[in-house]
Amino acid sequence: MGITTKALLKSLWVFHLSTGSCNNCDIEVLDCLTPRFDIERFGMKLVGSIRHADVLLVTGSCNRKSAERLISLYKEAPQPCLVVAIGECSMSRGIFMPSYNCPRPLDSLVPVSAYIPGCPPKPEAIISGVVKLIQKVKGK
Amino acid sequence: MKKTIIPIGPYHPLQEEPEFFMLTVEGETVVDVDVQIGYNHRGIEKLSELKSFDQSTFVIERICGICSTSHPFAYTRAVEDIEGVEVPMRAKYIRTIIAEGERIHSHLLWLGLAGHFLGYNTVYMWVWKLREEILDVMEIISGNRNNYAMFKPGGVRRDINPEDIPLIMKKLDKIVPTLKMLFKAVRDDPVIHARTKGIGVLTKEASINFGALGPTSRASGVARDVRKDTVYGAYHEMDWDMIVTNNGDVFDKVVVRILEMFESVKIIKYCLLHLPDGEIDLKIKNIPPGEGIGTHEAPRGETFHYVRSDGSNSPVRHKVRAPTFMNLPTYKATIKGEKIADASIILAAIDPCYCCTERMSIRDTKGERLFNGKELIRLSQIKTQTLKQKLGVKETSLEKLVQGKP
C-alpha cells in the first residue's frame, strides 16, 4: 500500500450526489453526520466540492439530465476516486427500471467500488458499507 | 447598475436535491430569480399506469422520501373515491398516526436544515438528534425508518401492536420538552430574530394570488388546511388547533412549523389512546370504472391525486400535484429586493421538495426555452396540419368518417 492510499483511508472525504433520488437516501446520508451516528468520528466528512473529495456517494436512479453531470463530476474528481452506490435506485434502479427517464444503471456509467442495498439503507448499513470498502481497498 | 447573474446549483453543497436557481443581482440586492428543475424526473405517473392499483402504492411512496405517507394517503383516498367506500375506523386512526408522525419528522428535518442554512449548526445537531426519536416511533409501528409501506387501497397493511403503545407514548413524551426548549430558543434568540424577522415577506394578498399552500400560506394569515376543510382520517374526532400567523416572513414560517409539531403530538396521543377495535382492511377486489380525487394535508401543503380507472386492474391516468408546485412561484414575491446572504434561507423557507414536484417539464431540444400551454397546443396543431398535407388527407374526410359517410 502506497503512502497516498494510506493517507486516503485515514480520513475519507465524501461528496454526496443525488441523481434523481426520492430524498430518502440523501437524508440518511446526512443522518450519519448527526449525533446518534456521528460518522465524523472516523474522519469521514461531507465536503462541498468534488475536487476535495475521495469518495463519491451516489444516490438515485441516474436520470437523463443527471447522468451527464455525474460523468463530468467523476472526470473532475481527483484520482483515486471511490464510487459508492447507495440504495436500490443506484444499484439496479429498482422500481424505476421500466421508466423512460432512467435508461442506464449507475455501474454502466462510472466504475462502482461498493454497493449499499436498502430502500433507504439505514445509517448503520451505510457506515458498515464504508467500513467494508476501506477493508477492500486495504486488500483484506 | 450592472446586473450580475449568480447560479446556485444544480449540485450545491447547501442543497440536498439537485435544482438550479439563477439569481439576478444588482450589487448585493437580488432583483430576479429563475428556477430550473428536471434533475429529479423519474416518470412516476407513467410507472404508476404500468402497475396494478395495489402495486402503485409502492411507486407513489417513492415520489418523495420525506412525504412517503402523504402521497399514498392521497392516492388511496382517490382510489377509494372511485369505488365510493369508507375505510374502517381503526384503519383511519392508524393512517392519522402515521401521517402526523411524518409531519413531525418532516418539520424537524426542515428546522434542522434551516438552522444549518443560517449558520446555526448547534440547532441542526440538536434537532436531528430529536428527530431520531420520532423515527424510532415510526420504526416500532411500521418496521422502517422511512417508506413505511403502511397504506393500501381500502385500509392499512399492518396493525399497531397494543404492546407497543406504552413505549410509543414514552418516546412521544420525551420529544415534547425538547421541542419546548427549541421553541423558546427560536422565540428569544436575538440573532435568529435579526436573520429571519421581516425577511422574505409573503403578504396575504400575494399568498392568495400565488395559491400558496400549507405552512407557507398559514404563516401569511390564510387559514387553509385540508385536515380542517374536509372530513377524512380521524382529524374531526378530536380537538386541535390550526396554527395561523400574520406576518408571512421567515420567522413566522418557523413558528408555524414548530407549533404544528405540538399539535401533531397531541393528535397522535389521542389516536393511540382512543384506537377503536375492528378490521383494518376492506379487502377491495375490483376497482370499477370511473375517476376519483384524493387530497391530504402533507407537511408542505395540500397533496392532490387524480386517478382514472377503466375497470382493469391498473390506473388509466394518474395525476399528482405536490404542494411545492404551488409554493415555488412565491419566490417571485419573496426574494426580490432581498440581500444575497438571505437568499438561501428564503429559498428554503417554503420547505421545497423537488422530487415531489418533478414529474413534468417541457422544453425544446436545445434546452433553451420552456414552452407554455398555448404554444404547445399551437405546435400540436401545426404538426397535425403538416401530417395531413404529407398524407394528402382532405380537411373534410374526418367529419365524413364521424358521420358514417364514405
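Labels below follow one simple rule: chain letters A, B, ... track the order of the sequence lines, proteins then strands, and each chain is numbered from 1. Computed over heavy atoms, backbone and side chain alike; hydrogens, waters and symmetry mates excluded.
Interface remark: B:Arg145 contributes side-chain atoms only to the contact with chain A (heavy atom separation under 4.5 Å). Neither the backbone nor the side chain of A:Cys89 comes within contact range of chain B; no heavy atoms are under 4.5 Å apart. Neither the backbone nor the side chain of A:Asp38 has a heavy atom closer than 4.5 Å to any heavy atom of chain B. A:Ser99 touches chain B through backbone and side chain together, each having a heavy atom under 4.5 Å away.
With contacts defined as side-chain heavy-atom distances shorter than 4.5 Å, the pair B:Leu135/A:Asp31 qualifies.
To the nearest 0.5 Å, atom CG of residue B:Leu113 and atom CG of residue A:Leu30 are 6.5 Å apart. Remark: A:Cys62 SG to B:Arg42 CZ distance equals 12.5 Å, nearest 0.5 Å. Rounding to the nearest 0.5 angstrom, the gap separating the CD1 atom in A:Ile95 from the CZ atom in B:Arg62 is 5.5 Å.
Between B:Glu139 and A:Lys122, at least one side-chain N (NZ, or NE/NH1/NH2) sits under 4.0 Å from a carboxylate O, which counts as a salt bridge.
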Passes side chain to side chain contact (heavy atoms under 4.5 Å, CB included), B:Trp128 versus A:Ile27? Steps please. CA-CA 11 Å; B:Trp128 280 55; A:Ile27 299 296; 4.0 Å; yes

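Defined by atom type and a distance below 3.5 Å, a donor-acceptor pair is present between the side-chain atoms of B:Asn147 and A:Asn24.
Put simply, of B:Arg131, B:Met125, B:Lys129, the one with the most heavy-atom pairs under 4.5 Å next to chain A is B:Met125. Among the candidates A:Cys25, A:Ser66, A:Pro35, the residue making the largest number of heavy-atom pairs closer than 4.5 Å to chain B is A:Pro35. Heavy-atom pairs under 4.5 Å with chain B peak, among A:Leu73, A:Asn101, A:Ile50, at A:Asn101.
In this structure, B:Lys46 places its NZ atom where only 12 or fewer heavy-atom neighbours from other residues, nucleotides or ligands lie under 6.0 Å away.
Side-chain atoms of B:Asn146 do not come within 3.5 Å of backbone N or O of A:Pro120 as any donor-acceptor pair. The closest donor-acceptor contact from the side chain of A:Asn23 to the backbone of B:Ile66 lies at 3.5 Å or more, if one exists at all.
Across all non-hydrogen atoms, the minimal contact from A:Cys119 to B:Asn144 is O-ND2, 3.6 Å.
Here the rule is side chain to side chain donor-acceptor pair (under 3.5 Å) with B:Tyr39, and of A:Lys65, A:Arg69, A:Arg64 only A:Arg69 fits it.
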